[in-house]
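Notes for the one structure printed next.
Chain A is the first sequence line, chain B the second, and so forth, proteins listed ahead of strands; every chain is numbered from 1.
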Amino acid sequence: MATTAATPVAPARTNRTKPTPRRRHGTAGALFIAPFMALFLLLFLAPLGYAAYLSLFQEKLIGGSTFVGLDNYITALKDPLLLKGIGRVALFFVIQVPVMLLLALCFALALDSGLLRLARVIRLGIFVPYAVPSVIATLMWGYLYGPDFGPFAQISHDLHLPAPHFLSDSWMLGSLANIVTWEFVGYNMIILYAALRTIPAELYEAAAMDGAGAWRIAWSIKLPALRPALTLTLLFSVIGSFQLFNEPNLLMKVAPDVITSSYTANLYAYSVAFISQQTNYAATVSFILGLVIVIVSYAFLLTANRRRTA
Amino acid sequence: MTTVTPPAATTSTAKRLPAETRSPRRSSVHRRSTPLTIAMLAVLAYFLLPLFWLLIASTKSTQDLFNSFGLWFSHAPRLLSNIKATFTQDDGVFGRWLLNTALYAGASALGAALLAAAAGYGFAKYRFRGHGAAFNLVLGAIMIPTTALAIPTYLLFAKAGLVNTPWAVILPSLISPFGLYLMRIYAEDAVPDSLVEAARMDGAGELRIFLTIGLRLLAPGLVTVILFTLVATWNNYFLPLIMLNDPDLYPITVGLSRWADQAQNGGAGASSDMLALVVTGSLISIVPLVLAFLMLQRYWQSGLATGGVKQ
């Protein structure tokens, strides 16, 4: 890999018939970013463009691939399965993300307060699920949720209580939210905690001098300082929730009656592409999903920026 | 650096405190809060519960998984025979999956980190035509969901004949827009312009400056990017799921989910021990990453601090 990073710079070195020094450095800079940009164009922009291109065609029985303009988009925007899938992840996002980020914030503030014993152990313990693949996290929780043999069902059985139906239709979204929260609270907490640690101690001293209590300090110093970090975690959460796939795809095997192949938008894109093999429509669905995510992310970034400058 | 406004300036009317009052952070060292600690230990229990279950479960046979209490050991611990069975099932394909995962994740992480470091350094230390436009393009790409890209990438790769090869998994993981963003802000702080200038005076070429000075100063940031790309690729499921259909090429995640399917379709009976293998395999596959995180904490925490504070 070192060679890919190294080769493009070589011409700049040999080219000693100096132009202005600034320009020479400028070329070197462009060459440092060239390998990244080349792969970026190839692996990010090319698939995106290809998806856009494919979405304008339809595979017809006679005549093969035909240009149909925006027909696929019109079909998609009227497709109840897609709309329901997007609606479901939107609902998931609206509930799960605030809960997760609020918990992450509370944990980060608690860790930063210096009031905790065993702070290191607690911090690492909450973070550890991030290192667990979502496939394994889902398998574990799927078993724990089990209506017959999961420990929660076992305990309720011993207590002669009705077992909780974690995998039923009405609980499923919550059960999924629990898995995702379990996986990512620690990650978000660490980002926020790391941001808190960079606040200079003099600020706290000055605030204490002025009579600010712990709550006042948290509200007036810590929260404003956390804004960039919160924006970052929120951005990642938007992206994550709208492309929810692994957890529902795996729980689908446990609860096939509840999770259908269009349960989330991304699951739907997958099944259109690989089960019903409608390449063009799958490209359209991917493209729309990507667009939804970009729009929601931008909306959040704009509001965050506006508040900061206001 | 941050957007903090010193509250001292805004609340100037506040009373003066007695001189012996220490800063909150220092005084709190002596006043630990027991209720808060207990609450956080309860939180910790929630996060460790599934892992505790996994540890217990991997000592059980499939039958015991169903017949004994989930959160405690059964009478016949058999962790070692489970591990042995996991590695011998299907002609030892599990070991192969582990190697595949290590290869995919290792190659992607190293490649992505080096690409991001070179580009981040380039953006931080040089100005060139299209500088701003190129960076904004990549920054915008942070928002493009990988799964929206995955299906078109699959279609492109199918045309190029790359599907069902390791490249199909490694190539898309080489580009980390967030890694580039982190490396750029890291390089701005960690590599002083004066040092680069001094090296130029001594006649060092730009590449040599990067390799001998830049990379060394960027090392902590580099570790962060390596670690996070490593986790992302190690845990990746969607991409290998669609790209690969040869079980010999599967990473752990896809392999285990296939085993889980088999366990679902008849693992509940006494005859199949599939579920025990899934559980034990899960335990084995999370150990390396958890260890990596524990050993490299210093790095990833400082790296994340950089990413979260500046924007």
Side-chain angles (χ1 to χ4, degrees), chain A residues 1 5 9 13 25-26 28-30 32-33 35-36 39-40 43-44 47 50-51 110 114-117 122 125-126 131-133 135-136 139-140 149 151 190-191 194-195 198 201 204-211 220 225 228-229 232 239 243 245-246 253 266 273 282 286 289-290 293-294 297, chain B residues 2 4 7-8 11 14-15 17 23-25 28 32-33 36-37 40 44 47-48 50 54 66 69-71 110-111 114-115 118-119 121-122 126 128 141 143 145 147-149 151-153 156 172 174-175 205-207 235 237-238 253 257 260 264 282 286 289-290 293 301 304-305 308-309 311:
Chain A
M1 273 303 96
V9 190
R13 285 183 64 204
H25 299 154
F32 275 116
I33 71 158
F36 184 98
L39 277 175
F40 176 74
L43 297 165
F44 259 77
Y50 191 53
L115 298 172
L116 282 182
R117 272 178 265 266
I122 292 173
I126 297 177
V132 176
V135 168
I136 292 170
L139 291 174
M140 290 193 295
F149 297 103
I190 291 292
I191 293 184
T198 61
Y204 298 136
E205 275 162 36
M209 291 282 232
D210 289 342
S220 306
L232 194 73
I239 299 164
Q243 48 182 336
F245 176 84
N246 300 358
K253 319 260 162 56
N266 202 12
S286 298
L289 181 59
I293 297 177
V294 170
S297 309
Chain B
T2 57
V4 185
T11 55
K15 293 154 270 173
L17 289 179
S23 74
R25 193 167 280 187
S28 61
R32 304 280 193 201
S33 160
L36 189 64
T37 303
M40 288 303 282
L44 183 67
F47 285 99
L48 294 184
L54 188 67
F66 286 99
F69 180 55
L71 295 177
L110 277 180
L114 278 176
L115 285 170
Y121 175 82
Y126 301 91
F128 43 87
M143 274 182 280
T147 47
L149 282 174
I151 290 174
T153 307
L156 267 186
L174 285 179
I175 292 299
E206 302 299 319
L207 174 66
N235 296 352
Y237 172 65
F238 190 68
T253 48
S257 77
Q264 204 65 41
S282 301
I286 61 174
L289 276 192
V290 171
F293 264 105
Q301 284 191 24
L304 277 179
V309 174
Q311 247 191 19

**Study point:** Part of A/Phe44 lying under 4.5 Å from any heavy atom of chain B
**Key:** both

Study note, to complete from the structure: Of all heavy-atom pairs linking A/Leu139 and B/Ser282, the shortest is CD1-OG, 4.2 Å

Study note, to complete from the structure: Honestly, the part of B/Phe238 sitting under 4.5 Å from a heavy atom of chain A is both

Exercise for review: Could you grab the distance from atom CG of B/Leu48 to atom CD1 of A/Ile126, nearest 0.5 Å is fine?
Suggested key: 9.0 Å

Point to revise | Closest heavy-atom pair and its distance - A/Ala51, B/Pro152 | key: CB-CG, 3.5 Å

**Study point:** Leading residue by heavy atom contact count with chain A [cutoff under 4.5 Å; candidates B/Ile175, B/Val290, B/Leu149]
**Key:** B/Ile175

Exercise for review: Please flag which part of A/Tyr50 lies under 4.5 Å from any non-hydrogen atom of chain B: side chain, backbone, both or neither.
Suggested key: side chain

Practice item. Rounded to the nearest 0.5 Å, what's the gap from CG on B/Leu156 to CG on A/Leu43? Could you check? Key: 9.5 Å

**Study point:** Interface residue of largest heavy-atom contact number with chain A, from B/Pro172, B/Ser257, B/Pro50, B/Ala141, under 4.5 Å
**Key:** B/Pro50

Exercise for review: Please report the shortest heavy-atom distance between A/Phe32 and B/Gly122, naming the atom on each side.
Suggested key: CB-CA, 3.8 Å

Practice item. Determine the minimum heavy-atom distance between A/Ala131 and B/Leu289, stating which atoms define it. Key: O-CD1, 3.4 Å

Point to revise | Distance in Å, B/Thr253 OG1 paired with A/Ile136 CD1, rounded so as to fall on 0.5 Å steps | key: 8.0 Å

Review point. Could you state the interatomic distance from CD1 (A/Ile122) to OG1 (B/Thr37), rounded to the nearest 0.5 Å?
Key: 6.0 Å

Check your understanding: How close do B/Ile286 and A/Pro133 get, heavy atom to heavy atom, and via which atoms?
Key -> CG2-CD, 3.5 Å

Review point. Checking B/Arg32 side chain against A/Leu116 main chain: does a donor-acceptor pair fall under 3.5 Å?
Key: yes

